[in-house]
Amino acid sequence: MIRMVDVIAKKRDGHEHTPEEIAFLVNGYTDGSIPDYQMSAWAMAVLFRGMTPRETADLTLAMAGSGDQIDLSSIPGVKVDKHSTGGVGDKTTLVVAPLVAAAGIPVAKMSGRGLGHSGGTIDKLEAIPGYQVERSREQFLDQVREVGVAIVGQSGNLTPADKKLYALRDVTATVEALPLIASSIMSKKIAAGADAILLDVKVGRGAFMKTLEQAETLAHAMVEIGEQVGRRTVAVLSDMNQPLGFAVGNALEVKEAIDTLAGKGPKDFTELCLTIGSHMLVLGGKAPDTTTAYQLLEELIATGKAVDKLAEMVAAQGGQTDCIYDTSLLPQAAHKLEVKAPAKGYITAIDAERVGHASVSLGAGRLTKEHDIDLAVGIVFAKKIGDPVEAGETIAVIHANNIEAGQNAVDEIASAISVDAEQGVVQLLIYKII
């Protein structure tokens, strides 16, 4: 008979769990027979002792199997999912999902809402009038078969073990346990049914992983889990020291995503979307290599097929498609306040984390799950790191519905941007592919 106290002691002493012990752990915690205090003791032991790749894969599969699993086998072709570890101005899914669907890769995507300074894809999509994020399983699968792409809110009973464990880690200082981060992310992707997985692991000030070393360790752990459980997995390590693109805030990011699909997007954001998309095409067998895939995606943007695919998805989910072709119809804030450059020089830093917090204080994000968000507000930058500026030149525009919150955001963004006489080091966008 397996006893939880023995499982805790075994991990405390640095030993490897058997698959049976991991199944006991996950099932017992899900059904409530293992209490929070024992699970938190085990999570702390994992934080200090780690887990082997085999243990982490077993934990991932057990968590994926703790609730509903989505069967995508009725959809023809290789289904490729994409996950980002989250950041500021990260609207990549809004571009990549319709873009790769236009190339013939089916994308059945379940996304989350934002919490803290990281925005959520589902909140952003709700800036499109009428867009329905809640769909039944049948509607979801039918839409992917017919349109090639659907982005919906996460199903209620997907990975309940992970939901419970994540909430516990949040209040027991064990969020940083790498095997638990990796298995949390991968269990959701596996339960969602994809054949292959592309991971966008963010690195820097505005990301959960602050250093390249941390991000690489997490990426290797997740790719290893994917391979262990039979899912082809690729990780792209990308920069989050400054916001991605120019726009931060729900409707503002939707506009920027539409502009990018129409070939008018910011250089950095377009490059990241094309890089991620090209790896998804290779994973899905639609291109022999990433160079060919990149060119194919550029063509879909140039011919208008990419933006048309987004409109098709929006229509299928009840949204108004006129705002896809005329972005002025998206929600607009009442006030626009400018942030000016303090001196002539070059932008040497834009602190993504502070930008994220400023957008939350405007109302674009939520501090607790219960918070309502303002879809119209946010920040649009006019400059990136490395760009020259003149004294008094506009470097960002605050979009606010509350004038006082807008003024506070002007001060916060001004202090998040550094201007120096020397140009400094221009940030890499993509550090590594694993």
Side-chain angles (χ1 to χ4, degrees), residues 86-91 94 113-121 123-124 126-127 202 204-208 239-257 259 266 268-269 327-328 330-343 345-385 387 389-420 427:
V88 179
D90 182 9
K91 72 282 300 174
L94 303 181
R113 295 193 179 277
L115 193 60
H117 72 266
S118 287
T121 299
D123 297 319
K124 291 167 195 177
E126 285 184 335
K202 300 292 185 196
R205 285 280 305 163
F208 185 63
D239 180 65
M240 192 36 76
N241 281 300
Q242 63 178 329
L244 185 58
F246 290 119
V248 180
N250 300 285
L252 298 169
E253 290 187 44
V254 170
K255 179 188 183 306
E256 188 162 85
D259 288 346
D268 64 326
F269 180 51
T327 55
S328 69
L330 289 165
Q332 305 261 351
H335 308 287
K336 292 181 184 176
L337 298 89
E338 296 183 346
V339 181
K340 306 284 192 182
Y346 295 90
I347 306 277
T348 54
I350 303 174
D351 187 328
E353 188 171 15
R354 289 186 72 174
V355 171
H357 291 311
S359 76
V360 172
S361 66
L362 281 166
R366 52 172 76 78
L367 294 169
T368 68
K369 285 179 187 171
E370 292 71 38
H371 261 141
D372 283 332
I373 59 173
D374 185 336
L375 295 166
V377 302
I379 304 135
V380 179
F381 290 87
K383 300 284 181 179
K384 302 289 289 186
I385 292 175
D387 286 350
V389 291
E390 295 296 327
E393 189 180 353
T394 300
I395 47 177
V397 176
I398 309 297
H399 293 243
N401 279 324
N402 175 306
I403 199 77
E404 190 184 342
Q407 296 288 3
N408 291 339
V410 168
D411 297 338
E412 181 73 16
I413 295 302
S415 59
I417 299 172
S418 303
V419 177
D420 292 311
Q427 211 75 48

**Student:** Go through the steps to decide whether Ile385 and Tyr346 satisfy the test side-chain contact (heavy atoms from CB on, under 4.5 Å), and finish with yes or no.
**Tutor:** CA-CA 8 Å; Ile385 292 175; Tyr346 295 90; over 6 Å; no
**Student:** Just how far is it from atom CG of Asn408 to atom CG of Asn402, taken to the nearest 0.5 Å?
**Tutor:** 8.5 Å
**Student:** Testing the basics here: between Val88 and Ala352, what is the closest heavy-atom pair and its distance to 0.1 Å?
**Tutor:** CG2-O, 3.3 Å
**Student:** Shortest non-hydrogen contact from Ile413 to Ala396?
**Tutor:** CG2-CB, 4.1 Å
**Student:** Using the side-chain contact (heavy atoms from CB on, under 4.5 Å) criterion, which residues pair with Asn401? Sequence neighbours excluded.
**Tutor:** Ala333, Ala334, Asp374, Ala376, Val377
**Student:** Report the distance from atom NZ of Lys383 to atom CD1 of Ile395, rounding to the nearest 0.5 Å.
**Tutor:** 9.5 Å
**Student:** First locate atom CG of Asp123, then atom CG of Leu375, and finally report the distance between them rounded to the nearest 0.5 Å.
**Tutor:** 7.5 Å
**Student:** Would a distance-only check, ignoring hydrogens and angles, find a side-chain to backbone donor-acceptor pair under 3.5 Å from Asp420 to Thr348?
**Tutor:** no
**Student:** Can you give me the closest heavy-atom contact between Phe381 and Pro243, atom names plus distance?
**Tutor:** CE1-CG, 3.9 Å
**Student:** If I compare all heavy atoms of Ala127 with all of Pro331, which pair ends up nearest, and what's the gap?
**Tutor:** O-CD, 3.1 Å
**Student:** What are the two closest non-hydrogen atoms of Leu244 and Met240, and how far apart are they?
**Tutor:** CB-CE, 4.1 Å
**Student:** Report yes if the side chains of Glu393 and Lys340 come closer than 4.5 Å at any heavy-atom pair, otherwise no.
**Tutor:** no
**Student:** How far apart are the C-alpha atoms of Arg354 and Ser415, what are their side-chain angles, what is the distance that settles it, and do they pass the side-chain contact (heavy atoms from CB on, under 4.5 Å) test?
**Tutor:** CA-CA 9 Å; Arg354 289 186 72 174; Ser415 59; 2.7 Å; yes
**Student:** Nearest 0.5 Å, please: how far is CD1 in Ile347 from CG in Asp387?
**Tutor:** 7.0 Å
**Student:** Could you go through Ile379 and Val355, starting from their C-alpha distance and side-chain angles, then the distance that decides it, and tell me whether this counts as side-chain contact (heavy atoms from CB on, under 4.5 Å)?
**Tutor:** CA-CA 8 Å; Ile379 304 135; Val355 171; 4.2 Å; yes
**Student:** What's the separation between atom CZ in Phe246 and atom CD1 in Ile350, rounded to the nearest 0.5 Å?
**Tutor:** 8.5 Å
**Student:** Listed by chain and number, what are the side chain to side chain donor-acceptor pair (under 3.5 Å) partners of Glu256, not counting sequence neighbours?
**Tutor:** Lys91
**Student:** Using the side-chain contact (heavy atoms from CB on, under 4.5 Å) rule, take His399 and His335 through it: C-alpha gap first, then chi angles, then the decisive distance, then the call.
**Tutor:** CA-CA 6 Å; His399 293 243; His335 308 287; over 6 Å; no
**Student:** Around Lys336, counting heavy atoms of other residues, nucleotides and ligands shown, do more than 12 lie under 6.0 Å from its NZ?
**Tutor:** no
**Student:** Between Lys124 and Asp90, is there a donor-acceptor pair closer than 3.5 Å when you use the side chain of the first and the backbone of the second?
**Tutor:** yes
**Student:** Between Asp268 (side chain) and Gly245 (backbone), is there a donor-acceptor pair under 3.5 Å?
**Tutor:** yes
**Student:** What is the distance from atom OG of Ser359 to atom CD of Glu253, rounded to the nearest 0.5 Å?
**Tutor:** 8.0 Å
**Student:** Heavy atoms only: give me the nearest Leu94-Ala257 pair and the separation to one decimal.
**Tutor:** CB-CB, 3.7 Å
